[in-house]
Each structure stands twice: as structure tokens, then as C-alpha cells.
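A short write-up of the structure that comes next.
We count residues from 1, following the sequence as given. When a ligand or atom number is given, it counts from 1 through the structure's own listing order.
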Amino acid sequence: MTNLASLPLPLSLHQPAYDLSAWRKQIPLLETVVPMNNCSQSPQTHATRAAAERYLESWNRRGMDWDAWMEEVRLAKQEFARLINASEDEIAVFSSVSEATSAVATAIELGGNRERVVVSEAEFPTIGHAWLAQERRGAQVAWVPVRDGMVQADDYDRMIDDRTAIVSACHGYYLNGFTQDVAAIARIAHARGALLYVDAYQSLGTVPVDVRAAGVDFLAAGNLKFLMGVPGIAFLYVRRELVERLTPLVTGWFGRADPFTFHVKRLDWASGASRFDTGTPPVLNAYIARAGMQIINEVGPQAIRDWLTVLGRRLIDGGRARGLSLRGTDDMTQKTATTAFEVDDSHAVEMAMRERGVLPSARGPVIRLAPHFYNTLADVEIALDVLAAVVGGS
Ligand SMILES: Cc1ncc(COP(=O)(O)O)c(C=O)c1O
């Protein structure tokens, strides 16, 4: 087998533009295992742990401190906005992407001449479910096919028509990391008067995302994957020019113009995206989420993307050299950080790899290796060696 590590490479291909070893010291888990499961759950850092402790300390010492806690939620929204080039008043907070999607789905008018919802087959199932649930409200869901693990812009062009209310397209395909050109999809959708909803859960934190430049109308992501956070919190971007027209059927007191007027009979709407907020937000999770997103913003999405392109290339080439069967494209310009290999029993492979000190992520027919900014070329080689040994039965 070619020893890729010994091939001469330009400096930028050996190390990222940031101080990798300094960042690695912030992640205690790296002392014992090689985490390659960032498409599922990223590891704890000193900063995210300290953020959780800040909340616990505040609760313990002050009993309650709603002013400070609400401020932390606001700052978490602000940090999310920074990640996607939006502003804070365009961000709402939820406890999952499923909830965010349902809120958007219920805010879309599906009567009249626009009842069609165009959804890609590459969506995480929860997204498809949220749109299918709208059939009771008259939605007609049309599926954009996945072919050879990819979705073609031509298929959107063919399927989006002047009866289409909204298009739902993930940025990264959870199964194999295929990346959709959301700017191209936005152009097609807008040309026919349709809106675009993007699920960026599998890409945000690994690549620069600019909602303004891409022209997307809605974008949602949770925090436990590449955003270095925890379950139980997700954010939704709603384009400012759109928000005043939208009133979700999922609501609560935090969606009001002023939640603290306590008018039980008045359903007024906050002027910005916080009209999509519902009840008391997940405060502890917001502390951790903010700290996780600060790390991504500080390391820098472009520098992360550059390094993950190097690691992704190595995963593809190294997997091929070891006889592993790649699922999806081998073109890094069309891929997220995640590389998927076909295996017989992905759950069993995941368990066997964990025993050997590598954390992969099993999903249906594949095992996913999803490095993040802190991973090294050596991590990639170890993960591939362990995967090859497990599937080869040695
Ligand atoms: C692309 C994508 N969207 C949505 C989800 C589910 O999000 P949630 O559990 O926050 O509803 C996942 C979870 O793996 C995912 O990968």
C-alpha cells in the first residue's frame, strides 16, 4: 500500500493555517481516542465545558438570573448569525432542526395556486416528515431524486414550477457528504416565485456559509455536530425581507412583540425572526452552543474548509488504496467533511472500531468518517487502518 504520509506535499497540505496542536490541547478526548464522528457529535472542549459550568454556577449562586440567561441566548443567536453572515434579528432558537422545519412549514401558505413543495430525497428523514405532515394543509410534496448518491441542479430546474411554494434542500447530504449548490437552487426557485429552505446541519462549522450571497430564505442547523455543541438546541435564519409576512402555527409567548406584557388574548408578533421563538429557550444549551460556535468563528470557516479538503482527499485516496468502497462522489469540491464507505453491518463496524480507539459514525449501509478542524493526517490514517482491519476481519 502506498504510504501517503511519506509523499512530499506542500506545507499547506501538511498543516492548517491555524495552530492545530494548540487547539488539540483544548480537547481532552484526544488523549484516548480518535474522534471521526463529527457528523454525529463533536467532542467536548475546555471552552464548552466552562460555558456549561458558568450556567451551573450562576444557577447555584444566584438562584435564578433570567436577565443574564436571556442575554446568553441573545448572544448565542448573534454567534450563529455571525457564522452565516446574517444579523441577530434574523435568528430564532429551537430545541431541534425538526421543530424549526415544522415551524417554517406551518408558516408557508399552501393554498391558492401554490401548493407544491419540492423536497430532495437527500434530506434527513425528519425534514421529509415535516413537509409530508403539511399534506393535510394541502401540500403536494414532489421529490427530487438522488442518483448515484448525488442530486442534480437540472432536476430542480425540471421540478420547480410556478405552483411551487417552497423548495427544501439540504446543504450536505447526511449519508455521504454530497454538497448541494444552494445558491444555484435559490436562483431557480426565486425565478419561479418559490422560496428556499436549507438544512445546513451537515455543513455548518466546516465551510463558509453566507446566506445573503447564496440568497437562501431560511436556513436551519443544530449544534451537536460540527458546531462543537450539544443536543437540545438549534437555530433558524429567516430572511429579514420575508419575516413580516410569516406567522407560524407553532408559537408561544417568546414569539410575541413583548413577551412580558402577559396578554393572554393578544397574538401579536415580534417584528424579527424571534416571532418563530416559542417557549422558554434552552438556556443551558445556549451557553454551550455559543461557546462552540465561538470556536468555529475563531478558527475560521475558510481555514477549516481548506484543512478538511486535505483530510477528505486523504480519506478518499487512502480508502481506495485499502480497497474500501466509497459511497458518493470523490470530488472534494462537491463534498462536506464526511466520507462514507459501504459496509455490511455498519452498527457492528462502529462498535468494533470504537473498541480499537476510533469513533466513526454508522448510518444505514455506510460507515462515515467525518474529521473536523482539530483532526490530523495521522488521525485519518489510523481511522482508515482500523476500518480496513475491521471490515477485512483482522
Ligand atoms: C442533515 C440533518 N438534518 C436534521 C437532523 C436531525 O435534526 P434534529 O434531531 O435536531 O431534529 C440531522 C441529524 O442527524 C441531520 O443530519
Item checked: Salt bridge present between Asp157 and Arg192 (N-O < 4.0 angstrom) -> yes
Margin query: Quick test of your reading of the model: are Arg239 and Glu90 salt-bridged, counting only N-O distances below 4.0 Å?
Written below: no
Check: Can you check whether Asp161's main-chain N or O pairs, donor with acceptor, with Thr164's side chain at less than 3.5 Å?
Finding: yes
Margin query: Using a 3.5 Å distance criterion without hydrogens, assess whether the side chain of Glu123 forms a donor-acceptor pair with backbone atoms of Cys170.
Written below: yes
Check: Is the CD atom of Glu53 crowded by more than 12 outside heavy atoms at less than 6.0 Å?
Finding: yes
Under a 4.0 angstrom heavy-atom cut-off, which atoms of ligand 1 come close to [X]?
X	answer
Gln202	1 (C), 16 (O)
Arg363	14 (O)
Asp199	1 (C), 2 (C), 3 (N), 4 (C)
Ser96	8 (P), 10 (O), 11 (O)

Margin query: How far is atom 11 (O) of ligand 1 from the closest protein heavy atom, and which atom is that?
Written below: Ser98 OG, 2.5 Å
Item checked: Protein heavy-atom partner closest to atom 5 (C) of ligand 1 - residue, atom, separation in Å -> Phe124 CD2, 3.4 Å
If you measure every N/O of [X] against every N/O of ligand 1, is any gap under 3.5 Å?
X	result
Tyr174	no
Val97	yes
Tyr201	no

Notebook entry, point to check: Heavy atom under 4.0 Å from ligand 1: found in Lys225's side chain, backbone, both, or neither?
Noted result: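 Under 4.0 Å from ligand 1, Lys225 contributes side-chain atoms alone.
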Check: Where does the angle between the aromatic ring planes of Trp69 and Trp66 fall among parallel (under 30°), tilted (30 to 60°) and perpendicular (over 60°)?
Finding: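 If you compare the ring of Trp69 with that of Trp66, the planes turn out perpendicular.
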Notebook entry, point to check: Parallel under 30°, tilted from 30 to 60°, perpendicular over 60°: which one fits the rings of Tyr18 and Phe373?
Noted result: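 Perpendicular.
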Next item on the list: Answer yes or no for Glu123: is there a heavy-atom contact with ligand 1 below 4.0 Å?
Entry: no
Notebook entry, point to check: Side chains of Gln202 and His171: closer than 4.5 Å at any heavy-atom pair?
Noted result: no
